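Data block below; observations after.
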Protein chains: 2
Amino acid sequence: MRGRNQQHWQGQFMGCGYRMTKPREEILGVMEKTMDHLSAEDIYLAVHKFYPNIGLTTIYRNLELLVKMELIVKFEFGQGKAKYELADQYSKKEHHHHLVCKKCSRIFDYSDFMEKEVRFLKDTEKGLSKKYDFQITKHLIQFYGYCNKCQKK
Amino acid sequence: MRGRNQQHWQGQFMGCGYRMTKPREEILGVMEKTMDHLSAEDIYLAVHKFYPNIGLTTIYRNLELLVKMELIVKFEFGQGKAKYELADQYSKKEHHHHLVCKKCSRIFDYSDFMEKEVRFLKDTEKGLSKKYDFQITKHLIQFYGYCNKCQKK
DNA sequence: TCCCTTATTGGTAATGGTTTTCATTACTAA
DNA sequence: TTAGTAATGAAAACCATTACCAATAAGGGA
Ligand SMILES: [Mn+2]
Ligand SMILES: [Mn+2]
Ligand SMILES: [Zn+2]
Ligand SMILES: [Zn+2]
């Protein structure tokens with residue numbers, strides 16, 4: 001998958017009646033190159049460097065579209081602005097959850113314990129959707145606290 | 001605990017060098033009487049009914065304080081506005097997690113599977129804090145999807 | 001290749017939840 | 001009382017996100 005994404009994106013867009021545009025290409029380019037969790041503004045600034053005409057509105061609009069197409073994922077970490085990263089299947093990272101530092105606001109990915117977490121989540125989701133007749137589409141697990149650098153030891 | 005909270009709140013405030021004021025009393029009063037997850041504005045409107053001079057600013061300021069004092073808990077459900085509920089130990093509800101309907105935005109509490117979840121969380125937290133040297137203070141588990149009324153069957 | 005249709009863009013203004021500012025009021029301890 | 005400080009409320013500021021709208025450009029057909 002890696003490296004052949006350009007054509008893949010193209011196909012995804014066309015297949016849904018959308019067009020492959022420069023802004024979209026650049027946004028996905030930025031997201032492919034980073035390991036970080038980027039805000040709309042982060043992405044705007046990064047794209048702006050080699051495509052100075054980009055508008056912030058366009059960033060927001062396309063992030064929304066990309067989320068809908070499930071090419072990227074949106075996260076709210078309670079920091080006032082949303083952050084985005086490439087969906088698991090297009091990312092260098094594996095499926096993971098997050099640690100959030102309440103002091104420096106950094107986000108840490110972890111993939112450990114995933115087998116266990118996934119099993120646990122499956123079970124819980126099954127139990128819940130049955131008992132509450134609730135059709136679950138997504139789960140959210142985050143741990144908040146203080147990172148290595150920010151804790152008073 | 002139930003019913004004797006008024007004095008308890010008083011004690012909490014005094015003990016921290018704060019004062020027990022009418023707005024604080026009313027805010028806690030509203031939160032004690034509901035089973036819902038209230039936004040700042042919800043609380044403002046409720047308090048406003050029998051204390052019309054209350055200012056929205058005062059609501060926000062006190063919610064922040066109450067969160068710091070751990071009398072209430074703040075949640076972000078990705079709905080643009082924060083919601084609050086009484087902390088477990090002061091609430092009629094037991095420790096619980098949330099189901100969030102993406103259509104009607106309602107929040108559902110569930111306490112089932114808690115023993116299992118709590119055990120799972122303890123384990124995970126222990127593993128994570130060791131491996132990442134991350135001091136965990138709080139976890140967040142939410143399931144998103146469509147409630148009974150909102151799913152297309 | 002050139003057109004035509006319409007998806008897409010970018011600038012600007014608006015929105016809406018939350019925070020700041022500041023002058024006024026209410027407690028509390030001496 | 002009085003001084004010192006906590007707390008309040010109104011209004012303005014903040015700031016991420018959205019709505020609006022005229023201008024542009026992608027891509028299918030001729
Ligand atoms: Mn991540
Ligand atoms: Mn709840
Ligand atoms: Zn940190
Ligand atoms: Zn619903």
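Owing to the predicted nature of the structure, the values given are computational and were not obtained by experimental measurement. Proteins come first, then strands; the chains are lettered A, B, ... in the order of their sequence lines, and each starts at number 1.
Of the side-chain N and O atoms in B:Tyr51, none sit less than 4.0 angstrom from OP1 or OP2 of D:dT8. A sub-4.0 Å separation between OP1 or OP2 of D:dT17 and a side-chain N or O of A:Tyr60 is present. Taking only side-chain nitrogens and oxygens, B:Thr57 never comes nearer than 4.0 Å to OP1 or OP2 of D:dG9.
Spacing between atom CG of A:Leu38 and atom P of D:dA16 amounts to 15 Å, rounded to whole angstrom units. Taking atom CD1 on A:Ile54 and atom P on D:dT24, their separation rounds to 16 Å, with Å as the unit. Taking atom CZ of A:Arg19 as the reference point, atom C1' of C:dT5 lies 8 Å away to the nearest angstrom. With rounding to whole Å, A:Met14 atom CE is found 5 Å from D:dG27 atom P. Remark: C1' of C:dC27 and NZ of B:Lys22 are 16 Å apart, rounded to the nearest angstrom. D:dT8 atom P lies 12 Å from atom OH of B:Tyr18, rounded to whole Å. D:dA6 atom C1' lies 15 Å from atom CD of B:Glu64, rounded to whole Å. Computed from coordinates, the B:Glu26 CD to D:dA7 C1' distance equals 16 Å when rounded to whole Å.
You won't find any donor-acceptor pair under 3.5 Å spanning the side chain of A:Thr21 and the base of C:dT9, going by distance alone.
With the nearest nucleotide of DNA chain C identified for both B:Lys83 and A:Pro23, A:Pro23 has the one nearer the 5' end. Both B:Lys74 and B:Met20 lie close to DNA chain C; mapped to their nearest nucleotides by heavy-atom distance, the more 5′-ward contact belongs to B:Lys74. Both B:Asn62 and A:Arg61 lie near DNA chain D, and the one whose nearest nucleotide falls closer to the 5' end is B:Asn62.
Between B:Glu117 and B:Tyr110, the side chains place a donor N or O and an acceptor N or O closer than 3.5 Å (distance only, hydrogens not considered).
Each of B:Leu66, B:Leu38, B:Leu63 was evaluated against B:Tyr84; a single residue qualifies, B:Leu63, per the side chain to side chain contact (heavy atoms under 4.5 Å, CB included) test. Between A:Tyr90 and the options A:His8, A:Glu32, A:Met31, A:Glu70, a side chain to side chain contact (heavy atoms under 4.5 Å, CB included) holds for only A:His8. Of the options B:Lys130, B:Lys126, B:Lys131, a salt bridge (charged side-chain N to carboxylate O under 4.0 Å, His left out) to A:Asp112 is made by B:Lys131 and by none of the others.
Two rings, from B:His98 and B:Phe75, have their centers less than 6.0 Å apart.
Residue contacts for A:Arg24: at a heavy-atom cut-off of 4.0 Å it reaches the sugar-phosphate backbone alone, with no base atom in range. Among the heavy atoms of the strands, none lies under 4.0 Å from B:Phe13.
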